[in-house]
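Right, one structure below, let's go through it.
Basis for what follows: all heavy atoms, side chains included, without hydrogens, waters or symmetry-related copies. If you read the sequence from its start, that first residue is 1, and numbering goes on from there.
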Amino acid sequence: MPRRNSTVEIVDGKVVFSKEVLSYFESIRTEENSAWLDKYFDYLRDEENLSAEKYNGHHIIPCFTFKDETHRTRKETEPLANKVEGNIIKLSIYNHILAHYCLWKIFDNYNSKHAIQYTIGKDKEINDLSENQIKEIARIREECAEKNQTEEEMKEKQKEYRMSERGKESQRKRSAKYNNSHKELVSKRKKKYRETHKEER
């Protein structure tokens, strides 16, 4: 089966969204998020995206919405997001930040907040923006800081990461690196443990 085109279409200089993308957002539209959904698509349609020299690739339907029991990390969900027809769009640096800000308001969860915090953390990209744009980003950054996740949310995300394949692999690498750089210390600890538990065996 041929792979569908996942990149948004541009027809006569205008962005044309796929039915799959539009259907998804209409399915989650509520009275609370409706205005933010409209703003989101305004930023996606902005003509500045077409002429911007510097831009970011952006998943219109976010990768985190594809999370399930078997797809927990970005590495696991991104291929699913890539398969959606017309789901990838080029956005100017500023519009990319504003798009993620809207997604945070639309979904109001840990994943959407993490995405906007990650996006506004790219200082090298932000330095090239106008003074007014930088001020608006500073305001968004301040708003994010005021709505920090609770300790329970942090613990839950840390647990989820540790249980993921990526987390387990990261732990294996850290252990191997530590053992390799502290061979003598690790050897002494193992010897001491064996001697301490000799009688138990």
Side-chain angles (χ1 to χ4, degrees), residues 1-9 17-18 20-25 27-28 33 37 40-41 43-44 49 52 54-126 137 140-141 144-145 147-181:
M1 182 177 175
R3 190 175 184 277
R4 293 176 298 173
N5 180 15
S6 65
T7 306
V8 71
E9 285 189 67
F17 299 103
S18 71
E20 198 168 352
V21 166
L22 292 174
S23 296
Y24 171 77
F25 282 100
S27 73
I28 65 165
N33 70 23
L37 276 170
Y40 180 55
F41 277 90
Y43 294 129
L44 301 183
N49 298 321
K54 293 186 178 181
Y55 55 82
N56 290 130
H58 174 73
H59 290 93
I60 302 174
I61 302 176
C63 293
F64 66 76
T65 63
F66 295 87
K67 282 191 173 184
D68 57 28
E69 288 303 312
T70 55
H71 304 90
R72 294 176 177 272
T73 66
R74 168 69 183 238
K75 188 176 180 180
E76 295 164 339
T77 59
E78 187 171 6
L80 302 179
N82 289 345
K83 288 180 183 177
V84 176
E85 185 179 359
N87 198 33
I88 300 175
I89 188 171
K90 290 179 180 178
L91 297 180
S92 69
I93 303 301
Y94 187 55
N95 280 339
H96 188 223
I97 291 168
L98 295 178
H100 273 289
Y101 180 63
C102 289
L103 288 173
W104 176 34
K105 297 297 184 177
I106 291 164
F107 291 97
D108 191 25
N109 59 20
Y110 172 87
N111 294 294
S112 58
K113 185 177 180 222
H114 175 76
I116 179 62
Q117 288 179 311
Y118 175 78
T119 306
I120 59 179
K122 297 180 179 180
D123 291 332
K124 287 183 180 178
E125 294 182 347
I126 292 171
I137 290 167
I140 293 172
R141 188 177 276 146
C144 285
K147 296 184 181 294
N148 279 331
Q149 58 192 323
T150 65
E151 190 175 341
E152 290 74 21
E153 287 174 323
M154 287 178 69
K155 286 180 179 177
E156 184 59 33
K157 292 311 296 183
Q158 289 167 355
K159 181 181 177 182
E160 184 179 316
Y161 177 76
R162 287 196 302 271
M163 296 299 290
S164 71
E165 284 305 312
R166 187 178 173 190
K168 290 175 183 175
E169 180 60 25
S170 176
Q171 180 58 42
R172 282 193 290 269
K173 285 180 180 178
R174 282 200 302 272
S175 295
K177 186 177 179 180
Y178 180 87
N179 290 341
N180 193 42
S181 60

| Would the number of heavy atoms belonging to other residues, nucleotides or ligands and lying under 6.0 Å from NZ of K90 be above 12? | no
| task | Flag the pair I88 / N82 as yes when at least one side-chain heavy-atom distance between them is below 4.5 Å, and no otherwise. | result | yes
| remark: Hits for salt bridge (Lys or Arg N to Asp or Glu O under 4.0 Å) against E78, two or more places apart or cross-chain, chain-then-number order -> R74
| query | F25 and F41: aromatic ring centres closer than 6.0 Å? | reply | yes
| Quick one: does N33's side chain get under 4.5 Å of K105's, heavy atoms only? | no
| With a 4.5 Å heavy-atom cut-off, do V84 and Y24 have their side chains touching? | no
| message | Centre-to-centre under 6.0 Å for Y101 and Y43, is that the case here? | response | no
| So, the side chain of S18 versus the backbone of E85: is there a donor-acceptor pair under 3.5 Å, distance only? | yes
| task | With the side chain counted from C-beta on, respond yes when H100 and W104 share a heavy-atom pair under 4.5 Å apart, and no when they do not. | result | no
| said: Is it the case that the side chain of K54 and the backbone of S92 share a donor-acceptor pair, with hydrogens and angles ignored and the cut-off at 3.5 Å? | reply: no
| field | Pairwise side-chain contact, Y55 with L91, heavy-atom cut-off 4.5 Å (strictly under) | value | no
| said: What I'd like to find out is whether the side chain of D68 reaches to under 4.5 Å of the side chain of H71, using heavy atoms alone. | reply: yes
| message | Can you confirm whether N56 sits close enough to I97 that some side-chain heavy atom of one is under 4.5 Å from a side-chain heavy atom of the other? | response | no
| message | Rounded at 0.5 Å granularity, tell me how far CD1 in I116 sits from CZ in R141. | response | 9.5 Å
| task | Give a yes or no answer on whether the side chain of S112 reaches the backbone of N109 with a donor-acceptor pair at less than 3.5 Å. | result | yes
| message | Going by the rule ring pair (Phe, Tyr, Trp, His ring centres under 6.0 Å), which residues pair with F66 if we only count those two or more places apart in sequence or in a different chain? | response | none
| request: Working to the nearest 0.5 Å, report the span between CD1 of I137 and CD1 of I93. | output: 9.5 Å
| query | Within a strict 4.5 Å, meaning less than it, do heavy atoms of the I106 and Y40 side chains meet? | reply | yes
